Protein chains: 2
Amino acid sequence: MPRSGADLALLLLGGFRSLADAAHAELARRGYEDVRPVHDFAMRAITAGADNASELGRRLSVSKQAAAKTIAVLQERGYVARDTDPLDARRKRLQVTALGFEVLRQGESIFDELRDQWERQIGTAELASLETHLATLVGALPVRLDAPGWIAHDLGGPA
Amino acid sequence: MPRSGADLALLLLGGFRSLADAAHAELARRGYEDVRPVHDFAMRAITAGADNASELGRRLSVSKQAAAKTIAVLQERGYVARDTDPLDARRKRLQVTALGFEVLRQGESIFDELRDQWERQIGTAELASLETHLATLVGALPVRLDAPGWIAHDLGGPA
DNA sequence: ATGTCATAGACAACAAGGTTGTCGAAATAG
DNA sequence: CTATTTCGACAACCTTGTTGTCTATGACAT
C-alpha cells in the first residue's frame, strides 16, 4: 500500500517518539526522574568536547544563552561541574560528573535494549537495512535538538 | 555496522526533521510563510471532524486551552472560521476555510514530492519495506504532536 | 604598548507553546 | 427543578527558546 508522504513523516516521528518515551520512562523507573533526552544529548556533547557554554550551543544548534540554561540545570542536579579554565579566564570548563556518566551509561543501555526489541520484532537484517537506508536519506545532520518542547518535557502519554 | 539504539533514535528523528524542515521551507517559498506543521496537523484534525476546541484538544492530545490558542492563530490568519453551533450554544463550530484547504493541499503535495525523492534515492521496494517495518514497530499511535516546540517554531537550519 | 575586534558568559526582556485552575453559560441526567 | 458535565474563555505560571546588551578577557595588528 503506497503511503502518503505525510504518513511517512508521521511514521518517522512516531518511531522516534516511542523510543524516546520508552527510554524516558525507563530512566525514571531506574531512579533518574529528572533526566530528559535533552540532558542526555547535552552531556554527550560535553563529553565529546563541547566543554564550554558557547561551544555547546554551537553543537546543539541553539543560542549560547539557551545552552547556558541547560547547563545550569545540569549543574544544579549534579550531572555536570564547572571550573575556571586556567588558559582562558573567560571560559568555564565543563565536566560531566560521575553521576552524569552513570546516567549516560544507563541511557545507552536502555536505548540498546529498545533496539534489540525492535530487532526481535522485525528481524536483524530488516532493522539493519532500515537503518542503512535511513542513514542514506538523512545523511550526517548536526544534532539539532532545537526547541525541545516535547523532547525535554515530561512525556506523559501511554504511547 | 551495528548501530547503537541511540543512533537509531537520532536517525528516526533526523528523518522526520529533514522532511518537516523541507516541507516547511517549501511552503514558505510558495507564499505560506506563517504556516507551521502544527497548523497543518490541526487543520487536518478539524477536517477530520474535530470541529470544536475541546475535541481538537483531545485529538491532538493537548489541553483544550492549548487547542484554543492554536485555533486563535489559525483564525487570525484566515485558515479556519468559527460560527456558533445552532444545536449547542456552548460550542463554536470550526470550519477550515478555502485558504486553509489550499494550504492543506499544498502541504500534501509537498510531502508526496519529498517521498518521491526518497523513493528515487533508495528504491521503491526499499522505501516500502522501510514504511512497512516502521508501521509494525510503531503501531497506530495517536497524533500526539505534543509540545511542538521545534515543530511549530521556525526551523532555521540548513538541515 | 596600545587600540581594535572577537568571544565567553551573565542578565534582562520577551515570544511561543503548554499546563492547571476557575468561572459562567448551556446541555443533560435524575 | 436540581445536580453534574461540558464548552469556551481568562488568568497565572512553567519551560525552552530568542535577541539584545554588558563586562571581562583574549587575539592581533599597528
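Residue numbering restarts at 1 for every chain, and letters A, B, ... go by the order of the sequence lines. Since the model is a prediction, treat every value here as computed from it, not as a measurement.
- Using a 4.5 Å cut-off on side-chain heavy atoms (C-beta onward), B:Asp112 and A:Ser4 make contact.
- If you take CG of A:Asp51 and P of C:dA8, they are 11 Å apart, rounded to a whole angstrom.
- Ion pairing between a basic and an acidic side chain is recognised when a charged N comes within 4.0 Å of a carboxylate O; B:Glu102 and B:Arg105 show such pairing.
- Residue A:Ala66 places its side chain closer to D:dG17 than to any other of D:dG17, D:dG8, C:dT20.
- Residue-level contact check: B:Arg58 touches the backbone only, with heavy atoms under 4.0 Å from sugar-phosphate atoms and none from bases.
- Non-hydrogen atoms lying under 4.0 Å from DNA chain D are contributed by B:Arg82, all within residues 67-82 of chain B.
- Looking only at atom types and distance, the side chain of A:Gln117 has no donor-acceptor partner in the side chain of A:Gln121 under 3.5 Å away.
- For D:dG20, the base has a donor-acceptor partner in the side chain of A:Gln65 [N/O atoms by modelled type, under 3.5 angstrom].
- A residue-by-residue look at A:Lys64 and A:Leu87 shows that A:Lys64 has its nearest nucleotide of DNA chain D further toward the 5' end.
- Rounded to whole Å, the distance from CG on A:Asp83 to P on C:dA8 is 17 Å.
- Considering all non-hydrogen atoms of both residues, A:Ala9 and B:Phe16 come closest at O-CD1, 3.0 Å.
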Nucleotide N/O to protein N/O under 3.5 Å, stretch nucleotides 24-26 of chain C:
none

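- C:dG9 atom P lies 10 Å from atom CD of A:Glu55, rounded to whole Å.
- The residue A:Lys92 sits close only to the backbone: its heavy atoms come under 4.0 Å of sugar-phosphate atoms, none of a base.
- Within the structure, every pair that satisfies the salt bridge (charged side-chain N to carboxylate O under 4.0 Å, His left out) test and touches residues 67-80 of chain A, not counting sequence neighbours, is listed here: A:Asp34-A:Arg77.
- Residue B:Ser54 has a polar side-chain atom (N or O) positioned under 4.0 Å from OP1 or OP2 of D:dC7.
- Between the CG atom of A:Leu56 and the P atom of C:dT7 there is a distance of 17 Å, given to the nearest Å.
- With salt bridges taken as basic N to acidic carboxylate O contacts below 4.0 Å, one links B:Arg30 and B:Glu113.
- For B:Arg93 and B:Asp51, the salt-bridge test fails: no basic side-chain N is under 4.0 Å from an acidic carboxylate O.
- With respect to the salt-bridge test (charged N to carboxylate O, under 4.0 angstrom), the residues B:Arg91 and B:Asp88 qualify.
- The distance from atom CZ of B:Arg91 to atom C1' of C:dT28 is 12 Å, rounded to the nearest whole Å.
- Using a 4.0 Å cut-off between a side-chain N of Lys or Arg and a carboxylate O of Asp or Glu, A:Glu55 and A:Arg58 qualify as a salt bridge.
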